[in-house]
Amino acid sequence: FHQHEHNEPRIVYGNAFEISASANVDKTSERSRAVYAQANVDLGDVIEGLTVTLGARQSWEKIGSQRWILEPSDITKQKGMTGGPGTAAGVARFSNLSYTAQISYQYSPDVLFFVNNSRGFGAGGLQNVYKQETYGPDVLNNVEVGTKATFNLGNWIVRTNASAYYGWFDNVKVNSTKL
């Protein structure tokens with residue numbers, strides 16, 4: 001997997017609460033690379049109807065940001081700059097190994113039971129806050145237990161999917177504002 005996004009820098013004007021005019025040029029980029037593999041193993045020779053699924057994904061993320069702060073009345077004059085290469089608020093890199101492991105048991109042609117454990121992550125990011133320039137990735141590890149069944153209810157064919165799951169979040173991202 002490979003994805004690369006970036007914006008075309010352009011001048012952005014603002015006027016917060018009609019008090020302070022501003023002009024900025026922002027440049028951002030995000031790159032995501034990953035490799036993924038999955039295997040399904042039929043263990044029917046050991047226990048009829050038993051299968052195991054194993055998968056893993058290694059991800060590498062790179063995020064970049066740079067802002068040129070301009071004089072709103074004369075955009076040819078630069079007042080300052082934040083971010084950019086070589087700065088804490090300018091570039092961040094994250095990597096993670098995600099996985100899935102599932103055991104399925106086909107009890108009958110119409111009834112399947114399964115237990116699954118999966119781990120995934122969302123990349124961190126950049127923020128222009130002194131001594132907190134980046135925020136780390138969040139990671140979710142969850143366990144799911146369930147069944148899928150098809151049965152007759154009178155003249156109707158009914159299909160059901162039922163599962164229960166529980167997840168553990170590390171470093172969850174939450175928007176907050178301190179006043």
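The model shown is predicted, which means the values in this text are computed figures rather than measured ones.
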- request: Report the C-alpha separation of T53 and Q38 in whole Å, then their side-chain angles, then the decisive distance to 0.1 Å, and conclude whether the side-chain contact (heavy atoms from CB on, under 4.5 Å) test is met.
  value: CA-CA 7 Å; T53 300; Q38 180 171 310; 3.4 Å; yes

- request: Dump the intermediate steps for side-chain hydrogen bond (donor to acceptor under 3.5 Å, both in side chains) on D42 and T51, then the final yes or no.
  value: CA-CA 5 Å; D42 182 358; T51 59; over 6 Å; no

- prompt: side-chain contact (heavy atoms from CB on, under 4.5 Å) between N24 and Y13: does it pass, once the steps are laid out?
  reply: CA-CA 7 Å; N24 305 313; Y13 294 94; over 6 Å; no

message: Quick one, L50 with I103, criterion side-chain contact (heavy atoms from CB on, under 4.5 Å). Give me CA distance, side-chain angles, the key distance, then yes/no.
response: CA-CA 7 Å; L50 188 65; I103 297 174; 3.6 Å; yes

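To the nearest 0.5 Å, atoms NZ (K27) and CZ (R67) are separated by 15.0 Å. Rounding to the nearest 0.5 Å gives a distance of 7.0 Å between CE of M81 and OG1 of T87. Rounding to the nearest 0.5 Å gives a distance of 11.0 Å between OG of S22 and CD of E71. We find the CZ-CD distance between R33 and Q3 to be 12.0 Å, quoted to the nearest 0.5 Å. With rounding to the nearest 0.5 Å, the separation of NZ in K62 from CZ in R31 is 5.5 Å. Here the CH2 atom belonging to W156 is positioned 11.5 Å from the CZ atom belonging to F151, to the nearest 0.5 angstrom.
When all heavy atoms are compared, the tightest approach of W60 to S95 is CD1-CB, 3.7 Å. The two residues T134 and Q127 have their closest heavy-atom pair at O-NE2, 4.3 Å. Between A56 and Y36, the shortest heavy-atom distance links the atoms O-CD1, 3.1 Å. Looking at every heavy atom in both residues, F1 comes nearest to R57 through CD2-NH2, 3.8 Å. Here the closest non-hydrogen pair linking G125 and I63 is CA-CD1, 3.8 Å. Nearest heavy atoms, V91 versus P85: CG2-CA, 4.1 Å.
More than 12 heavy atoms of other residues, nucleotides or ligands lie within 6.0 Å of CH2 in W168, so this atom counts as buried by the packing criterion. Within a 6.0 Å radius of CG in D74, more than 12 heavy atoms belonging to other residues, nucleotides or ligands are found. Heavy atoms of other residues, nucleotides or ligands lying less than 6.0 angstrom from CD1 of I69 number more than 12.
No donor-acceptor distance shorter than 3.5 angstrom exists from the side chain of N152 to the backbone of G154, with no hydrogens or angles considered. No donor-acceptor distance shorter than 3.5 angstrom exists from the side chain of N161 to the backbone of K148, with no hydrogens or angles considered. Looking at D170, its side chain never comes within 3.5 Å of a backbone N or O of L140 through a donor-acceptor pair.
When hydrophobic clusters are built by joining Ile, Leu, Val, Met, Phe, Trp and Tyr residues whose side-chain heavy atoms come closer than 4.5 Å, directly or via intermediates, V143 is not grouped with F169. Placement of Y105 and V46 within a single hydrophobic cluster is found when ILVMFWY residues are connected by side-chain heavy-atom separations under 4.5 Å, directly or transitively. Hydrophobic clustering (side-chain heavy atoms under 4.5 Å, transitive across Ile, Leu, Val, Met, Phe, Trp, Tyr) groups Y107 together with L43. Cluster membership check: I157 does not share its hydrophobic cluster with L153, using side-chain heavy-atom separations under 4.5 Å among Ile, Leu, Val, Met, Phe, Trp and Tyr. Hydrophobic clustering of Ile, Leu, Val, Met, Phe, Trp and Tyr side chains at less than 4.5 Å, counting indirect connections, unites I47 with L54.
Using modelled atom types, one finds a donor on one side chain and an acceptor on the other under 3.5 Å when comparing Q102 with S104. A side-chain N or O of E61 and one of S32 form a donor-acceptor pair less than 3.5 Å apart.
Between H6 and H4, the angle of the ring planes lies from 30° to 60°, which puts this pair in the tilted group.
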Acceptor/donor pairs from residues 110-124 side chains to any protein atom, 3.5 angstrom cut, sequence neighbours excluded:
unit_1	atom_1	unit_2	atom_2	d
N116	OD1	T100	OG1	3.1
N116	ND2	S118	OG	2.8
N117	OD1	Y99	OH	3.2
N117	ND2	N141	OD1	2.8
N117	ND2	N142	O	2.9
S118	OG	T100	OG1	3.0
R119	NH1	N96	OD1	3.1
R119	NH1	L97	O	2.6

